[in-house]
Amino acid sequence: RWVDWGPFALQLSRPALYALYYGAGLCVGAVGLGAGFLNPTGRFAERWKRWMATATLSFVSWLGLMGLMVHLGEATPWPVALAVDAAYALACASGVLGVLSLCLRFGATRPWPLLRPLSDYGFGVYVLHYAPVVWLQYALLDANWPAPVKALIVLVGTTAACLAAMTILRSLLNLRTKRPSGAVPSR
């Protein structure tokens with residue numbers, strides 16, 4: 001179930017997860033990007049292979065348990081349903097941590113010039129992405145194309161729309177992009 005209040009929506013099954021992520025964001029903000037846990041040369045980034053392996057194994061485990069639950073249907077015992085839920089939570093969390101460690105290891109120490117605008121406008125893209133994603137998905141709903149093609153169109157279209165909106169907004173407000181302290185300058 002969802003609870004809606006104006007433009008805000010909350011999925012009732014995840015308030016603890018929302019609070020955890022909000023608290024983690026506060027902690028990261030207090031320490032600063034590039035320091036502590038998010039240090040591109042720290043232990044977390046160095047162990048990216050372990051995190052990616054954990055993410056892959058937990059995802060495969062969840063798929064197997066989910067397949068068993070689908071096969072059993074209504075006769076699924078509650079311990080199996082609980083294991084599916086726990087495996088899903090582990091797969092989601094380890095997937096996020098795996099991708100984060102991978103990005104810290106390879107993206108933070110060697111900036112990719114093509115991804116620089118996403119770094120500079122990352123928060124704006126995060127704030128603005130919802131409308132273009134939904135509108136593009138609805139626009140492509142009746143198109144008889146494979147799902148990966150539609151997904152690529154939505155990804156590229158949303159990214160382009162958000163970057164364009166942020167560029168226009170920044171030029172209207174005459175703002176410059178500031179690199180976080182400790183960030184590696186692009187070459």
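Just so you know, these numbers come straight off a predicted model, no measurement behind them.
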Value rounded to 0.5 Å, distance of [atom1] in [X] from [atom2] in [Y]:
| X | Y | atom1 | atom2 | result |
| --- | --- | --- | --- | --- |
| Ile168 | Leu173 | CD1 | CG | 12.0 Å |
| Leu128 | Leu163 | CG | CG | 10.0 Å |
| Trp48 | Leu102 | CH2 | CG | 6.0 Å |
| Ser101 | Arg47 | OG | CZ | 11.0 Å |
| His71 | Met66 | NE2 | CE | 14.0 Å |

Please report the shortest heavy-atom distance between [X] and [Y], naming the atom on each side.
| X | Y | result |
| --- | --- | --- |
| Thr41 | Glu46 | O-OE2, 3.4 Å |
| Leu140 | Ile153 | CD1-CG2, 3.6 Å |
| Ser58 | Ser94 | OG-OG, 2.7 Å |
| Asn39 | Ala45 | O-CB, 3.9 Å |
| His129 | Thr158 | O-CG2, 3.8 Å |

>> Pair Trp2, Leu12 - check side-chain contact (heavy atoms from CB on, under 4.5 Å), show working.
In response: CA-CA 6 Å; Trp2 287 80; Leu12 292 179; over 6 Å; no
Is it true that [X] and [Y] fall in one hydrophobic cluster, defined by side-chain heavy atoms closer than 4.5 Å?
| X | Y | result |
| --- | --- | --- |
| Val127 | Leu136 | no |
| Met52 | Val96 | no |
| Leu38 | Val99 | no |
| Tyr138 | Val133 | no |
| Leu141 | Tyr130 | yes |

> More than 12 non-hydrogen atoms from neighbouring residues, nucleotides or ligands closer than 6.0 Å to OH on Tyr18, yes or no?
Replying inline: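 Yes - once you tally the heavy atoms of other residues, nucleotides and ligands closer than 6.0 Å, there are more than 12.
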> Can you find a pair of side-chain heavy atoms, one from Leu100 and one from Phe44, that are under 4.5 Å apart?
Replying inline: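 They are in contact (side-chain heavy atoms under 4.5 Å apart), so the answer is yes.
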> Below 4.5 Å, heavy atoms only, C-beta onward: do Thr159 and Val125 meet side chain to side chain?
Replying inline: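 With C-beta onward as the side chain, the pair stays apart.
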>> Using a 3.5 Å distance criterion without hydrogens, assess whether the side chain of Lys150 forms a donor-acceptor pair with backbone atoms of Ala143.
In response: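 Side chain of Lys150 to backbone of Ala143, a donor-acceptor pair under 3.5 Å: yes, one is there.
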> What residues form a ring-ring contact (aromatic ring centres under 6.0 Å, His included) with Phe59, not counting sequence neighbours?
Replying inline: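 ring-ring contact (aromatic ring centres under 6.0 Å, His included) list for Phe59, sorted by chain: Trp62.
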Give every donor-acceptor pair under 3.5 Å between a side-chain atom in residues 73-89 and any protein atom, sequence neighbours left out.
from  : atom 1 : to    : atom 2 : distance (Å)
Thr76 : OG1    : Met69 : O      : 3.2
Thr76 : OG1    : Gly73 : O      : 2.7

